[in-house]
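Notes follow the structure.
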Amino acid sequence: MTKKAQDAIALLKADHRTVEELFEKFESAKAPTKQATLAKQICTELIIHTIIEEEIFYPALKGKIEDDMYDEAHVEHDGAKLLISQIMAGQPGEDFWDAKVTVLSEEIKHHVHEEEMPKEGMFAQARAADVDLDALGAQMAERKAELQAQFEADGLPTPTTRTLGPVEVELGAPVA
């Protein structure tokens with residue numbers, strides 16, 4: 001018996017739960033090496049998640065969900081990418097590093113809430129629209145596997161924001 005592929009929303013919700021679990025582990029971690037490892041896992045999961053949303057899921061929803069929600073999702077991703085870049089460039093014990101992970105967690109909780117809200121959230125709007133969520137899920141799962149393999153081989157790329165371009169990873173460097 002073959003395993004049924006997840007539809008796009010089930011795949012994204014599974015990602016949300018994974019990241020929530022990682023943030024919980026980070027909050028209880030005391031050792032700097034454990035914090036650094038968890039922060040890298042969180043950032044990796046979020047980078048992959050945002051790439052598949054921005055390359056595949058969001059374009060499929062353009063014009064089919066509320067424009068404000070669509071735009072806000074992109075801006076929220078940009079804010080997360082800025083923090084991810086700063087977290088990846090830093091390390092436990094540096095000024096504001098823990099605070100950046102905490103704020104990233106709060107931003108992600110807000111973003112997830114807006115996507116998963118019953119009736120009016122992005123996922124509810126996607127289900128109500130004429131979108132093939134099964135086909136999207138298969139495409140997203142394939143891209144996710146490619147990205148995971150690429151990141152294991154080559155490391156993480158510098159996140160690129162929609163509105164700001166590449167994000168500088170040096171603390172104090174100007175953002176283009």
Side-chain angles (χ1 to χ4, degrees), residues 1-24 41-88 100-152 156-168 175-176:
M1 181 181 215
T2 59
K3 181 182 169 190
K4 184 183 183 299
Q6 292 178 313
D7 77 11
I9 292 171
L11 184 147
L12 294 173
K13 282 183 171 183
D15 284 356
H16 292 169
R17 301 299 83 81
T18 297
V19 170
E20 286 169 357
E21 221 174 271
L22 288 168
F23 275 121
E24 286 175 19
Q41 286 178 291
I42 290 165
C43 292
T44 301
E45 291 288 335
L46 290 173
I47 290 169
I48 292 170
H49 182 84
T50 59
I51 289 171
I52 65 173
E53 278 188 331
E54 291 176 359
E55 286 182 358
I56 301 166
F57 190 65
Y58 289 176
L61 300 183
K62 179 102 172 118
K64 297 179 180 179
I65 65 168
E66 293 172 7
D67 289 342
D68 286 347
M69 181 165 283
Y70 181 87
D71 292 347
E72 285 175 25
H74 281 289
V75 173
E76 289 169 355
H77 276 198
D78 285 354
K81 289 174 191 175
L82 289 169
L83 284 170
I84 288 167
S85 291
Q86 292 175 0
I87 292 164
M88 294 300 293
K100 289 173 185 175
V101 177
T102 299
V103 171
L104 179 62
S105 174
E106 292 167 355
E107 284 186 7
I108 297 304
K109 283 177 188 162
H110 171 82
H111 181 73
V112 165
H113 172 74
E114 289 200 342
E115 285 185 341
E116 294 187 5
M117 269 191 305
K119 297 183 183 153
E120 68 244 18
M122 182 182 285
F123 293 170
Q125 289 182 39
R127 285 211 189 278
D130 185 24
V131 177
D132 186 345
L133 295 171
D134 290 329
L136 277 180
Q139 189 180 357
M140 290 164 61
E142 182 179 322
R143 180 67 173 132
K144 183 176 176 177
E146 287 172 7
L147 290 167
Q148 287 168 327
Q150 175 187 339
F151 291 179
E152 285 173 21
L156 295 173
T158 299
T160 301
T161 62
R162 189 171 171 88
T163 56
L164 300 173
V167 177
E168 296 289 338
V175 176

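- Shown here are the ring-ring contact (aromatic ring centres under 6.0 Å, His included) partners of F123, two or more places apart in sequence or in another chain: H16, F57.
- Between L136 and Q139, the closest side-chain pair of non-hydrogen atoms falls below 4.5 Å.
- K144 contributes atom NZ, which lies 5.0 Å from atom CG of L11 (distance to the nearest 0.5 angstrom).
- Checked against salt bridge (Lys or Arg N to Asp or Glu O under 4.0 Å), E55 has the following partners two or more places apart in sequence or in another chain: R143.
- To the nearest 0.5 Å, atoms CG (D78) and OG1 (T50) are separated by 9.5 Å.
- Nearest heavy atoms, A126 versus L61: CB-CD2, 3.5 Å.
- Closest approach of A80 to I108, counting heavy atoms only: CB-CD1, 4.1 Å.
- The closest side-chain heavy-atom distance from L12 to I52 is below 4.5 Å.
- V112 places a side-chain heavy atom less than 4.5 Å from the side chain of E20.
- In this structure, CG on L133 lies 4.5 Å from CD1 on I9, to the nearest 0.5 angstrom.
- Scanning both residues, G121 and M69, for their nearest heavy atoms gives C-SD, 3.7 Å.
- Note that NE2 of H77 and CD1 of I84 are 9.0 Å apart. Values are rounded to the nearest 0.5 Å.
- Counting only distance, with no hydrogens or angles, the side chain of E114 and the backbone of A73 share no donor-acceptor pair below 3.5 Å.
- The residue from E107, E54, E76 that alone fulfils the salt bridge (Lys or Arg N to Asp or Glu O under 4.0 Å) condition with K81 is E54.
- Residues M117 and H113 form a side-chain contact, since some pair of their non-hydrogen atoms from C-beta on lies under 4.5 Å apart.
- For residues 115-132, the salt bridge (charged side-chain N to carboxylate O under 4.0 Å, His left out) pairs, not counting sequence neighbours, are D7-R127, R17-E116.
- The shortest distance between side-chain heavy atoms of Y70 and H74 falls below 4.5 Å.
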- Message: Run the side-chain contact (heavy atoms from CB on, under 4.5 Å) test on D15 and V19 for me, step by step, so that the C-alpha distance in whole Å, both residues' side-chain angles and the decisive distance to 0.1 Å come before the verdict.
- Response: CA-CA 6 Å; D15 284 356; V19 170; 5.6 Å; no
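- Between L83 and Q86 the shortest side-chain heavy-atom distance falls below 4.5 Å.
- The distance from the CD1 atom of I87 to the CG atom of L104 is 4.5 Å, given to the nearest 0.5 Å.
- Between P118 and A124, the closest heavy-atom pair is C-CB, 4.4 Å.
- Taking CD from Q6 and CG from D134, the interatomic distance works out to 11.0 Å, rounded to the nearest 0.5 Å.
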- Message: As a quick check of understanding, evaluate side-chain contact (heavy atoms from CB on, under 4.5 Å) for L147 and Q150, giving each step before the final call.
- Response: CA-CA 5 Å; L147 290 167; Q150 175 187 339; 3.9 Å; yes
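- Between the side chains of E106 and H110, not a single donor N or O lies within less than 3.5 Å of an accepting N or O.
- Scanning all heavy atoms of the two residues, the minimum distance from P59 to E53 falls at CD-O, 3.7 Å.
- For S105 (side chain) and V101 (main-chain N/O), no donor-acceptor pair under 3.5 Å exists by modelled atom type.
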